[in-house]
Amino acid sequence: MATITPKLSDEFPLTIASSTNSVTLRISKFNPKTDSTATFVEFKVPVQKWTTVLDIILAVKQHLDPSVAVRYSCRQASCGSCGMKINGKPALACYTKISELNSNVVTVEPMNNFPILRDLAVDFTQFFSTHKKLKPYIIRDDSEVTGDTKEFLQTPKEVEEYLQFSYCIKCGLCNSACPTMATDTSFIGPQALAQAYRYIADNRDNGKKDRLKIIDDSHGIWRCHFAGSCSQVCPKGVDPAMGIQLLRGYLLGFRK
Amino acid sequence: MERQSNREGIKGWLNPGRYGLERVAYWLMRLTGLGLLVYFIAHVFETSSIVNGKEAWQKMLELTQTTEGHIILTIVIGMCVFHTANGIRVMLGQGGVGVGKPGRPDYPYKPASLNSRHKLCILASIGLAALAMMYGLAVLFGE
Ligand code: HEM
Ligand code: SF4
Ligand code: FES
């Protein structure tokens, strides 16, 4: 097993000499073009109280194995790039501290229910195309620019009807945790369904009929069993499960 | 192909421990639904033996009076009670009842749909099923 030895001269903040704890990082390596199965590579890395899972993956990439494929950008739970399975559960690597895992072994694998591109990087093609299919934009005939008012005013209460759903960063964790997604390759999925709700609940939008028609499909909203795992793993408080059940309320006629 | 698409597959259903009580309820609902379906088919098969005369019917009935028969019936009672009670919760939830109201999300972002009302209903469904099974055991083995 390769080990990072702490050196003061290192630029990387992980490797300061005062570091006392270390964990074993196990990274799933898989290249669909050349490999038939995934293999795990192990590294011993020093950690601090504040060290995140993304920190140690990047430390390994910098010092020990530059070939590790991982997608990240903002490092602050804003871009939605670094979703992966951490010790068996989908989470953002940049938003998960080693200290909260309560384990000396940190296993990182690609998210389930997404095709693997390589190692930890997965393919979002279907995810984004499904998101787009749900018309994730305000639908109406006039626009803010052409009207006299310049902008469509909303009360704080009207904003709160959809605000939490607009926090979605398209990280895909919900789709990866969803038990329907686990077996149904064409299920719309919690992310896109929650976005359908986000726009329907927006009082500037007139696209409710269009979107309800799209989700009222054999692989649409009725495949949700309200297992709640999407909301359990969502890092932004979107609560897709709530959005989906409220959407179903429209279709069943319980809501107007 | 399966490996590349990395779907979790049936394994995802069978491993409910990672995502809280609601996922356990989902798993139990599926398990009891399928269990009841198997029981229902067996039940139709069993009762249809009456068309073969009184003798055949009696023989079938004796099966339920064995220790194994009692245990299976007790499990069926438990499955029935959980599936019904949790089914009512799920139907209400899926119609948008009791799943909370959208609001301003604040850290640490507790999802309102996974609220204590639903958790309590799940626990009550499990508790009721356990009580019913104990009562069933007492009646079946009590004579
Ligand atoms: C009053 C009694 C019952 C109620 C209230 C009820 C309710 C429900 C509900 C709401 C679901 C959907 C759960 C979900 O969305 O995940 C369901 C699923 C199911 N039920 Fe029932 N049910 C009842 C009796 C039965 C009986 C007697 C059987 C068997 C003959 C049965 C077999 C099933 C099966 C196989 C499923 C599918 C399980 C799944 O998809 O996970 N149910 N039931
Ligand atoms: S709903 Fe939450 S978990 Fe799903 S993609 Fe959006 S931010 Fe990620
Ligand atoms: S790196 Fe942007 S969300 Fe983690």
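Values below: all heavy atoms of this structure, side chains included; hydrogens, waters and symmetry mates excluded. Here is the naming used below: chain letters follow the sequence lines, and residue numbers restart at 1 for every chain.
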Q. If you count the non-hydrogen atoms of other residues, nucleotides and ligands that lie under 6.0 Å from CZ in A/F128, is the total more than 12?
A. yes

Closest heavy-atom pair, A/G88 versus B/Y19, reported as atoms and distance to 0.1 Å, is O-OH, 4.5 Å

Q) How about A/F165 and B/P102: do any of their side-chain heavy atoms sit closer than 4.5 Å? A) yes

CD of A/Q232 to CZ of B/R23, rounded to nearest 0.5 Å, is 10.0 Å

Of all heavy-atom pairs linking B/Q94 and A/Q245, the shortest is CA-OE1, 3.4 Å

Cut-off 4.5 Å, heavy atoms of chain B, and the answer for A/C224 is backbone

Please determine whether the number of non-hydrogen atoms from other residues, nucleotides or ligands lying under 6.0 Å from atom NZ of A/K97 exceeds 12. no

B/Q65, CD atom: more than 12 neighbouring heavy atoms under 6.0 Å
yes

Tightest non-hydrogen contact, residues B/E8 and A/N113, listed as N-OD1, 3.0 Å

Within 6.0 Å of NZ in B/K119, more than 12 heavy atoms from elsewhere: yes

Under 4.5 Å to a heavy atom of chain B? For A/D123 that would be neither

In terms of heavy-atom contacts, A/K236 and B/P105 come closest through O-CB, 4.3 Å

Looking only at A/P90, A/P240, A/C234, most heavy-atom pairs under 4.5 Å shared with chain B are made by A/P90

Bottom line for A/V233: the part with an atom under 4.5 Å from chain B's heavy atoms is side chain

Closest heavy-atom pair, B/R7 versus A/Q126, reported as atoms and distance to 0.1 Å, is NH2-OE1, 3.7 Å

Pair count under 4.5 Å, heavy atoms only, with chain B: among A/T185, A/V238, A/L246, A/I244, highest is A/T185

Honestly, the part of A/F226 sitting under 4.5 Å from a heavy atom of chain B is both

Quiz item: Do other residues, nucleotides or ligands put more than 12 heavy atoms under 6.0 Å from A/K135 NZ?
Solution: no

Comparing A/A201, A/P179, A/G228 against chain B, the one with the most heavy-atom pairs below 4.5 Å turns out to be A/P179

When the 4.5 angstrom heavy-atom criterion is applied to B/K101 and chain A, the contacting part is backbone

The interface call for A/P235 against chain B, heavy-atom contacts under 4.5 Å, is backbone

For B/L114 and A/S231 the tightest heavy-atom approach is CD1-CB, 4.0 Å

Cut-off 4.5 Å, heavy atoms of chain A, and the answer for B/A25 is neither

**Item:** Whether over 12 other heavy atoms sit under 6.0 Å from B/R104 CZ
**Value:** no

Comparing B/V97, B/V99, B/I10, B/V24 against chain A, the one with the most heavy-atom pairs below 4.5 Å turns out to be B/V99

Heavy-atom count check: over 12 atoms from other residues, nucleotides or ligands less than 6.0 Å from A/F40 CZ? yes

Whatever's closer than 4.5 Å to a heavy atom in chain B on A/M181 counts as both

| request: Please check if the side chain of B/N6 supplies one atom and the backbone of A/I116 the other of a donor-acceptor pair under 3.5 Å. | output: no

Are any side-chain N or O atoms of A/Q164 and backbone N or O atoms of B/G103, one a donor and one an acceptor, separated by less than 3.5 Å? yes

